[in-house]
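One structure is given here, and the rest of the page talks about it.
Keep in mind that what you see is a predicted model, and the values were worked out from it rather than measured. Each chain gets a letter, A, B and so on, in the order its sequence line appears, and its residues count up from 1.
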Number of protein chains: 2
Amino acid sequence: MSTASLAFSGAGPIAATTRQRVHDAAAELGYAGPNPLGRQLRRGRSGIVGVVVGDALSRAFRDPVTTQVLDGLVGHLGTLDLGVLLIPSASGPTTTTIDPLLESAAMDVAVVMWGGAGDSPVLAGLARRGIPTVLIEGRLAPGVSVVGIDDRGGIEQVTRHLLDLGHTRIASVTLPFDHERRDGLMTSQRLADPAWEITRRRLAGIHDAGVTPVAVYETPASLVEHGATAGRVLLSGPDRPTAVVCQSDLLASGVVLAARELGLRVPQDVSIAGFDGIDLPWLAPDVLTTVVQPLTEKGATVGHLVEDILAGAEPEHRELPVTLRVGTTTGPAPS
Amino acid sequence: MSTASLAFSGAGPIAATTRQRVHDAAAELGYAGPNPLGRQLRRGRSGIVGVVVGDALSRAFRDPVTTQVLDGLVGHLGTLDLGVLLIPSASGPTTTTIDPLLESAAMDVAVVMWGGAGDSPVLAGLARRGIPTVLIEGRLAPGVSVVGIDDRGGIEQVTRHLLDLGHTRIASVTLPFDHERRDGLMTSQRLADPAWEITRRRLAGIHDAGVTPVAVYETPASLVEHGATAGRVLLSGPDRPTAVVCQSDLLASGVVLAARELGLRVPQDVSIAGFDGIDLPWLAPDVLTTVVQPLTEKGATVGHLVEDILAGAEPEHRELPVTLRVGTTTGPAPS
DNA sequence: CGAGACGGTCGAATCGATTTGAGGGACGAT
DNA sequence: ATCGTCCCTCAAATCGATTCGACCGTCTCG
């Protein structure tokens, strides 16, 4: 029945009386409105954006960075009547198993958060299915859109801030280097070449400022507890660094907690800086010195790219700016 | 082409040579595999479970309770090849606007988190579309499945724990009473009847223990900062309570921070208890006394109910147990 | 040697909404 | 009064995979 379609969609010209008649009949027959599947098949569009979260959801969701970007994305997609389908991707060390959803779920566009390495089986799978992809914080690649930030420049900026304060013994706590997600001080060999782009760039930022970290600690995930572990190791050894540059705010918070635990005053005894600019209400009265990235806007930007792609635009790369926010956790180097 | 279907699905009997021939032809034509929309239409199933989050995503995701349940749910649904579609539902005070996704997205079952009141337009909309619904922590209603916990009993238990420690002046910090989400001390009038089931039940638990709170503070959301605000008010007034029972761990953490801020020792000067049993690594060295609910299992239980519903089972109600975990934030009442 | 059984292949109908194009009715204008 | 136009209604084709049933070839057993 084509008239019924018009009656519900309200698209074509239709008499009010006819529409009413259709609606009455529908109610009588217990018809609950158009079946979305039919519409989607006809349109050739599912109205669904798959969001591939490159980590166990439990862990990814504990990071406000992920959730805030997701919020910005959902917010923008909502205005376009696009839904977000959550696709976990447990990319274990050697696991090549791809979530079946990635293989078979209907989606018009895919968004990959924490894309990691460029050779990811996730990206390969999406490419094979011919699904346009937007990457968040990944390596630039042909055919996919990428939204990133100037994290290298941001880290350089915060490192210079520490140099200006007179620090010379600077350590760093990093995000995972690769899917192995090790926990511990870095060997110079492994240090050479992180497989994960984000870790590599943020590490490079320190060198851009002309600094070679006195120690580098790799954590298995951006979580407070891992930051605390790192902090205990870095701050209790001999030749304690006077400043610690962390690749995320959660890690930095952990280091702050470890410092407090060890009886060190922040920032008198040790300066600690983070990255991301998330809310840390429980760190009060301290305010973390950090590089603020526009998280919600990042999500919204991804949404815009998705919109453009659906409108037929070419893949594109966008880089968002970051700003240094000086808080109370960094101060002059102890003399 | 029906043979092609068989070749890809591998379901029916098919000769290896034919399958190979089909695959070759597919590769040559640039055919990327079966279109999920066709399959879904034919099957009459979309393979999608809509998850309605009853709050702004940014806020909901900041609460580990939500994300952990979601993780448990996604984990179980993943084994069933079901995808999770995120549906925000900005239920403002008087807002009746329903997210268009709720009206038009394809989903086989809906899960409503933080369902709130039973008269929710969300539930009404789902019922009208005839979509089976699983409610998390909502009011029992005919036709919908509900997964809940014995929070009333849990609160009673933790209140008795405080009574045993000799406390008599007990205050409470609550979740929102309704969509107004007020922030402040409760008037006895409003206190009478919280519209939101979860708040009502947890409040009732205190009374079950034979206690009438000396003060009740309503917060606009389960977040650390709101707990801190509540703590500052409750703990700085005259006739300071010696114990505070909070309806969530995040709220309790905020109260702990407020107490520290005011120079009060926990638990010597004031005992503080929470609810949920989430990880609070940054509260160290304190361990929150709290009522632990099995969050991941709760999500998995919802997943099971979804599975059963898709298999044709009737709506069902499940209640999960809670356990009291005594930490370092409660102690004998000051004399 | 013939008939039945079986494995494999293919055609056609189906799921449900959309959309195009044709047809019919009513009203206004000449 | 008749023609033209406009507005509405409706039939039919389409999107793509699935599935039932028909058909054909071969193999086996009597």
Exercise. Closest heavy-atom contact between B/G303 and B/L77?
Worked result: CA-CD2, 4.1 Å

Problem set entry | Modelled atom types, side-chain donor and acceptor of A/S46 and A/D108, under 3.5 Å | yes

Exercise. What is the distance from CG of B/L41 to C1' of C/dT18, rounded to the nearest Å?
Worked result: 12 Å

Exercise. Is B/R42 near enough to C/dT14 that one of its side-chain N or O atoms lies under 4.0 angstrom from OP1 or OP2?
Worked result: no

For this session: Give A/L37 one of three labels, base, sugar-phosphate or nothing, depending on what nucleic acid heavy atoms sit under 4.0 Å from its own.
Result: nothing

For this session: In whole angstrom, give the distance that lies between atom CG of B/D108 and atom C1' of C/dC15.
Result: 14 Å

Exercise. To the nearest angstrom, how far is B/Q40 atom CD from C/dT14 atom C1'?
Worked result: 17 Å

For this session: Measure from CZ on A/R43 to P on C/dT18 and round the result to the nearest Å.
Result: 6 Å

Exercise. Expressed in angstrom and rounded to an integer, what is the separation of A/N35 atom CG from D/dC15 atom C1'?
Worked result: 14 Å

Exercise. So does A/K298 pair up with A/E319, basic N to acidic O under 4.0 Å?
Worked result: no

Exercise. So, do B/L126 and B/M107 sit near enough that their side-chain heavy atoms are less than 4.5 Å apart?
Worked result: yes

Problem set entry | Gap between atoms CD and P, on B/Q20 and C/dT9 respectively (whole Å) | 13 Å

